[in-house]
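Notes follow the structure.
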Amino acid sequence: MVGFTGVVGGDPAGDLRTVPETVAGGETTGTYRDADIAVRTAFHDGSTVDQPVEGPDGALVWVWGEVYSVDDDDGRRSVDPRRTAAVCAAEHAAHGLDFVDRLDGEFVGCVYDPSAGTAALFVDRLGARPLYLATGDDRLAFSTNVQTVPEPPGVSFGFDDAYLSEYLYARRVFGTKTPVTGVTQLPPATVLTRDLDSGETTRERYWTPRYRPVDKPASYFAREFRERFAKAVADRTDDGRDYGLLMSGGSDSRAVLAAADADLAAYHLADGENREARTARRAAEAGGARFERLDRGPGYHATLLERAAPIQEFVGPFHTGHTLGFAEEIASGVDTLLTGLYSDDLFGAWSVPQREIRLPRGVTLYPPFVDRVTDTDAFLDGRVSSGETRQPSYLTGPAYREILAENIATGPASVDFHGVGYESIEQLSLHTSLFPITNGIGFDLFSALQVAPTRNPFLDRRLIDLHLSMPLAHRLRHDVVQRAVASFDDSLGRIPHASSRLPMSYPKAAHAVGKRVSNQLDELGPASYRTEGPWQDKNEVVRNSDFVGDAIAANEETIRALSPLDRDVTERMYRRHRDREANVGEELYRLVTVLEMPLTRRLVDR
């Protein structure tokens, strides 16, 4: 497993648990120990593997992830991402722990400063590399994966019924909470410092997302996006690597392709030459990229369950670790992966509260008008009714709304939700999905990180700042990403979006209608795990293969041991799905994600 695990304080000797490599032979491991700290690392070959790096001040620095630039007094200075740990060591020597706020990148790190008698843990603004913590009687344990946190004296790991239920309700557990008692997540944009003598721990938050719209026309934001995105892609493609791009038929990855000057290999997961694959191929060829179609087949989700289980973090179901089944092919073909992830969270409608018009027969329309969330009840109602929420009948634990209500506290000038602070309820509603990034509902990023070093241009600080200044109405009515594609390369802009079947130059409203019509037409076809879109139909996968049923049967005693679950209802739910009496593939996928994690078995077997 790529990342690091460690213990600070007390006697840090002992086993630092790791999991098998996702790609055999592709990682370099190392262990550092002294009287105050022990750290075990695993990094992709070709990245910054020689760690810790000693700074000019004698501090030792470990970093998983990459920094692309540093904010200096004279402006922004680009750095070599392959020297990230050395950059952080030098910045720490010059600026102390304030250096973290100067960095643009996706990273998590540790600074051990023997002369100051401290050890500090830090994460980037959005927590794109999570860090999990367990505080014992005399030591602090940490890991970049929730399944490998060492268990310090004075802590007894187990399952928390409420947070385990929350994952099964919503595909994720918000904020700093995890389903494991005794384990929390370091909040985003935070530096935690532990005094090695006293054991005292302090935390400093160095950044908070604040939506402050600027009164500018949509054309201004389209222009700003194009300029900033080009720089973000350049920062991530100018170090002479062999780059791969996870390519879809939509606009997000196409924007990366259009902005990149480097040669790219475009990887597209498919099941034959469907509409999505044909569109992705056209775009890749028009953009001068080498196109590789990776065909999944009917057994692909079973493979993903096996491969995701050791590295899962209660973020998304196993099948959203899309690249894991082709880890060897991708890792052997490129040094670094690029993605178009988080485009819609930042510049689309995904995180914008929107008015609804409910029509007969379950049809809902979303006109482009913002529905601001200003009170706690409205926020909780929105979360309970959101598209990813399910009400699995196998759950016997507390209701979802009850769990959320127990984890929100409002003050005169702030709101705390699951251990993360926001400026107000409205700011919470706008930033829930990205602050931290583990609030997302997919395992895409965290699985890709185990395949190869992965870079996400949309998470560039300049784009985050633009996102915070862009009026919400513009995000509902205009698509700056699609406009950028056409601006970068008109030939790419003329190729239709695979979902709407319309060229990128068409208005956003036309694409919204096109996607709705296209989806309805696709549903007229025969039932099959294969679709015309990017993903397999999990309901049909479950009906035509036995791996979910096998996982439920193999974990019968585990289900009985987990108090929020009902074994008999689980079995009936699965049978009804197989007999086409229900469509609960999503609920079953969340369940087997938990059942197959090695952590689950360790905790249940106690």
Side-chain angles (χ1 to χ4, degrees), residues 1-7 14-24 26-27 29 31 40-42 64 130-134 141-152 155-161 163-165 167-168 171-173 177-185 301-321 323-325 327 438 443 446-451 547-565 567 570 588-606:
M1 180 197 77
V2 177
F4 59 75
T5 301
V7 177
D15 177 47
L16 299 178
R17 186 185 301 274
T18 59
V19 298
E21 300 169 307
T22 299
V23 178
E27 299 175 10
T29 61
T31 301
R40 179 173 175 79
T41 59
W64 178 41
L131 189 67
Y132 301 94
L133 311 170
F142 56 90
S143 179
T144 54
N145 185 280
V146 70
Q147 297 197 65
T148 57
V149 179
E151 189 170 7
V155 177
S156 180
F157 291 167
F159 273 116
D160 183 292
D161 288 356
Y163 296 130
L164 179 59
S165 298
Y167 169 76
L168 295 169
R171 274 190 167 204
R172 37 73 186 303
V173 182
K177 309 303 182 181
T178 79
V180 184
T181 55
V183 176
T184 59
Q185 184 177 332
H301 282 190
T303 299
L304 292 182
L305 178 60
E306 178 183 353
R307 290 201 138 190
I311 59 174
Q312 244 292 339
E313 306 193 53
F314 300 105
V315 179
F318 71 88
H319 74 293
T320 58
T323 59
L324 291 174
T438 48
F443 194 49
F446 306 106
S447 56
L449 291 172
Q450 298 299 323
V451 175
F547 76 99
V548 169
D550 291 343
I552 292 172
N555 289 283
E556 179 177 351
E557 294 306 314
T558 298
I559 297 174
R560 295 187 187 281
L562 293 173
S563 55
L565 302 181
R567 171 65 182 85
T570 300
L588 293 170
Y589 270 28
R590 297 178 191 185
L591 175 63
V592 297
T593 298
V594 173
L595 296 178
E596 289 295 296
M597 291 170 64
L599 172 67
T600 301
R601 297 176 187 178
R602 291 202 308 271
L603 298 184
V604 167
D605 289 344
R606 295 186 166 198

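There is a side-chain donor-acceptor pair under 3.5 Å between Thr438 and Gln185.
When every heavy atom of Gly6 is checked against every heavy atom of Pro150, the shortest pair comes out as O-CG, 3.9 Å. Closest approach of Thr323 to Ala448, counting heavy atoms only: OG1-CA, 3.8 Å. Scanning all heavy atoms of the two residues, the minimum distance from Gln450 to Thr22 falls at CB-OG1, 3.3 Å. Taking every heavy atom of both residues into account, Phe4 and Leu131 meet most closely at CE1-CD1, 4.0 Å. Contact detail for Ser156 and Arg606: the closest heavy-atom pair is OG-NH1, 4.2 Å. The shortest non-hydrogen separation linking Gly325 to Leu304 is N-CD2, 3.6 Å.
Side-chain contact between Val7 and Pro152: absent, with no pair of heavy atoms (C-beta onward) separated by less than 4.5 Å. Inter-residue side-chain proximity for Leu591 and Leu565 is flagged as met; some heavy-atom pair is nearer than 4.5 Å. With a 4.5 Å cut-off on side-chain heavy atoms, Phe446 and Pro130 count as touching. Tyr132 is not listed as a side-chain neighbour of Val180, based on a closest heavy-atom distance of 4.5 Å or more. Met1 is not listed as a side-chain neighbour of Pro310, based on a closest heavy-atom distance of 4.5 Å or more. Looking only at side-chain heavy atoms (C-beta outward), Ile552 and Ile559 come within less than 4.5 Å of each other.
The residue from Arg601, Arg307, Arg590 that alone fulfils the salt bridge (Lys or Arg N to Asp or Glu O under 4.0 Å) condition with Glu596 is Arg601.
Side-chain atoms of Glu27 never come within 3.5 Å of backbone atoms of Ala42 as a donor-acceptor pair (strictly under, hydrogens ignored). A donor-acceptor pair under 3.5 Å is absent between the side-chain atoms of Asp161 and the main chain of Pro564, judged by distance alone. Proximity of a side-chain donor or acceptor of Thr181 to a complementary backbone N or O of Gly158 within less than 3.5 Å is detected. A donor-acceptor contact shorter than 3.5 Å is absent between the side chain of Thr148 and the backbone of Ser143. Of the possible polar contacts, one joining the Gln312 side chain to the Gly316 backbone as a donor-acceptor pair under 3.5 Å is found. Not one N or O on the side chain of Asn555 forms a donor-acceptor pair closer than 3.5 Å with the backbone of Thr558.
To the nearest 0.5 Å, the span separating OG1 on Thr29 from CD on Glu21 amounts to 8.0 Å. To the nearest 0.5 angstrom, Arg602 atom CZ is 9.0 Å from Phe157 atom CZ. A distance of 10.0 Å separates CG of Leu324 from OG1 of Thr303, quoted to the nearest 0.5 Å. Going from atom CZ of Arg172 over to atom CD of Glu313 covers 15.5 Å, rounded to the nearest 0.5 Å. In this structure, OG1 in Thr144 is found 11.0 Å from CD1 in Ile311, a value given to the nearest 0.5 Å. To the nearest 0.5 angstrom, Gln147 atom CD is 11.0 Å from Thr178 atom OG1.
The number of heavy-atom neighbours closer than 6.0 Å to CD of Glu151, taken from other residues, nucleotides and ligands shown, is above 12.
The aromatic rings of Phe314 and Phe159 stand perpendicular to each other, their planes meeting at an angle above 60°, with 30° marking the opposite boundary.
Phe318 has its ring centre no less than 6.0 Å from the ring centre of Phe443.
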